[in-house]
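For reference, the structure discussed in these notes is given below.
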Amino acid sequence: MALVTTKDMFKKAYDGGYAIGAFNINNMEIIQAVTEACAEEKSPVILQVSSSAMKYAGKEYLMGMVNAAMETTGIDLALHLDHGASFEACKECIDAGFSSVMIDGSHASFEENIALTKKVVEYAHDKGVVVEGELGKLAGIEDEVNVSAEDASYTKPSEVEEFVSRTGVDSLAIAIGTSHGAFKFTGEAKLRFDILEEITKIMPGYPIVLHGASSIDEELVAKINACGGSMGGAKGIPEEMLRRAAASAVCKINMDSDLRIAMTAGIREIFTNKPEVFDPRNYLGNARKIIKEVVRHKLVNVLGSNGKA
Ligand code: G3H
Ligand code: 13P
Ligand code: ZN
């Protein structure tokens with residue numbers, strides 16, 4: 001088995017009106033849970049790694065486990081760098097064998113973002129690797145950087161065509177109201193589908209990416225809180241909004257917080273209900289089981305990517 005790029009995945013997802021789940025991986029249990037759910041549901045998948053994930057687990061460990069998951073499951077799998085902060089960060093992952101990278105120039109000016117993204121695209125394409133760029137700024141916490149709601153800004157549709165044509169980037173993350181983390185809205189959830197539609201009209205057939213797309217399952221949050229946690233006010237993107245996005249030009253939907261919540265709920269449940277347990281396989285095994293259920297639910301009920309591998 002070899003890693004695949006997202007090119008084919010996105011083409012099929014666009015034409016088929018579904019989206020590919022991009023799940024952040026940080027340890028063995030998450031990798032196993034995600035890939036087993038995808039294998040059982042015959043779904044293509046993107047496993048994505050942030051710089052903090054590499055700092056925590058080590059790139060070699062994560063890649064070794066991804067290889068093992070590919071051998072075991074046999075599904076189409078892309079390995080992607082999430083929020084690459086510099087050319088060097090992207091180059092390191094491209095050289096290491098990732099099949100896809102994101103260069104996140106969203107905090108730079110339009111011109112600087114173009115120059116940086118173009119440089120990564122040239123290097124990546126030469127090695128058969130695809131690149132995701134970003135225009136617009138999401139609110140929330142990513143890689144220890146906290147972007148306040150005031151500093152966030154929606155993607156300007158008028159900039160998209162120029163950005164894509166001048167950089168040659170393969171897919172584009174846009175800001176339409178999603179945000180990173182578990183506390184996305186204080187009031188009602190609202191996404192600017194009008195911006196997405198405008199971009200789709202300008203660039204028909206072009207794959208769009210949604211970051212910050214966890215739904216923050218109320219039952220799991222309640223379980224965490226009932227088992228000694230404190231996550232009051234946690235709120236995510238309603239599933240019907242994600243289904244609407246998946247049926248449109250959105251081909252990649254990023255989820256990390258939902259897996260963190262599943263893992264925390266699984267561990268807290270055992271710690272609270274079985275205080276005598278001290279075997280990590282017991283509470284990590286329960287966490288893995290819950291993550292797998294969450295991923296399966298998303299493939300079948302949100303992304304619609306089941307049966308598409
Ligand atoms: O977009 C951010 C992802 O959830 C990764 O988070 O940098 O804490 O691993 P992290
Ligand atoms: P969530 O925090 O909504 O899971 O978003 C994750 C993400 O966008 C990773 O790039
Ligand atoms: Zn993100």
Side-chain angles (χ1 to χ4, degrees), residues 6 19-27 30-31 33-34 45-59 61-62 78-86 89-90 93 98 100-107 131-147 149 151-153 155 171-185 189-191 208-218 220-221 231 233-239 241-242 245-246 250-265 291 294-295 297-298 302-303:
T6 52
I20 312 291
F23 299 98
N24 285 72
I25 55 167
N26 291 284
N27 62 22
I30 297 174
I31 294 171
V34 173
V45 68
I46 299 165
L47 300 181
Q48 56 187 13
V49 179
S50 70
S51 307
S52 4
M54 284 186 271
K55 215 190 291 171
Y56 172 74
K59 185 159 47 10
Y61 276 94
L62 290 171
L79 181 61
H80 174 78
L81 168 65
D82 191 26
H83 293 283
S86 62
C90 292
C93 290
F98 281 43
S100 173
V101 294
M102 173 190 192
I103 176 68
D104 184 353
S106 62
H107 305 288
V131 182
E132 173 186 324
E134 180 166 337
L135 259 187
K137 248 186 260 173
L138 266 70
I141 300 163
E142 94 197 18
D143 242 342
E144 292 143 28
V145 178
N146 196 348
V147 182
D151 289 337
S153 54
T155 305
S171 61
L172 187 69
I174 61 166
I176 58 166
T178 61
S179 62
H180 291 109
F183 302 85
K184 299 185 193 297
F185 302 99
K190 193 176 179 319
L191 292 191
I208 298 298
V209 178
L210 267 198
H211 281 245
S214 278
S215 290
I216 316 298
D217 185 278
E218 276 174 24
L220 290 178
V221 171
M231 290 197 67
K235 194 166 180 179
I237 313 291
E239 290 184 348
M241 289 191 182
L242 295 173
V250 171
C251 294
K252 173 174 180 270
I253 293 191
N254 284 14
M255 290 156 288
D256 184 2
S257 300
D258 278 340
L259 307 188
R260 296 179 184 198
I261 284 170
M263 180 135 210
T264 303
I291 299 170
V294 165
V295 173
H297 172 80
K298 285 178 182 298
V302 179
L303 301 158

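Ligands are counted one by one from 1 in listed order, and the atoms in each one are counted from 1 as well.
For the residues Arg260, His211, His83, Lys184, the heavy atom positioned nearest atom 3 (O) of ligand 2 is part of Lys184. For atom 7 (C) of ligand 2, the nearest non-hydrogen atom from the set Met102, Lys252, His180 comes from His180.
Proximity of a side-chain donor or acceptor of Ser215 to a complementary backbone N or O of Gly236 within less than 3.5 Å is not detected. Looking at Asp258, its side chain never comes within 3.5 Å of a backbone N or O of Ser214 through a donor-acceptor pair.
Here is the list of ligand 1 atoms found below 4.0 Å of a heavy atom in Asp256: 3 (C), 4 (O), 5 (C), 6 (O). Annotation for ligand 2: atoms under 4.0 Å from non-hydrogen atoms of Gly181 are 2 (O). The Gln48 neighbourhood of ligand 2 comprises atoms 9 (C), 10 (O), with distances under 4.0 Å to a heavy atom of that residue. Which parts of ligand 2 touch Asn24 is read off a 4.0 Å heavy-atom cut-off, strictly below it: atoms 9 (C). Close approach of ligand 1 to His83 is summarised as follows: ligand atoms under 4.0 Å from at least one heavy atom of the residue are 1 (O). Taking every non-hydrogen atom of Asp82 and a distance limit under 4.0 Å, the qualifying atoms of ligand 1 come out as 1 (O), 3 (C). Atoms of ligand 1 found under 4.0 Å from any heavy atom of Ser50 (numbered from 1 in listed order, with element): 5 (C), 7 (O), 9 (O), 10 (P). Atom numbering of ligand 1 starts at 1 in the shown order; those under 4.0 Å from a heavy atom of His180 are 1 (O), 2 (C).
For ligand 1, none of its N or O atoms has an N or O atom of Asn24 under 3.5 Å away. Checked against a 3.5 angstrom limit, the closest N/O atoms of Ser52 and ligand 1 fall inside it.
Within the 4.0 Å heavy-atom cutoff, Gln48 does not count among the residues contacting ligand 1.
Contact annotation: for Met54 versus ligand 1, there are no heavy atoms closer than 4.0 Å. The side chain of Asp82, and not its backbone, has at least one atom closer than 4.0 Å to an atom of ligand 2 (non-hydrogen atoms only; side chain from C-beta on). With a 4.0 Å cut-off on non-hydrogen atoms, Met255 touches ligand 2 through its backbone and not its side chain. Of all the heavy atoms of Ile237, none lies under 4.0 Å from any atom of ligand 2, so neither backbone nor side chain is involved. Here His211 has no heavy atoms under 4.0 Å from ligand 1, in either its backbone or its side chain. Neither the backbone nor the side chain of Ser50 has any atom closer than 4.0 Å to an atom of ligand 2 (non-hydrogen atoms only).
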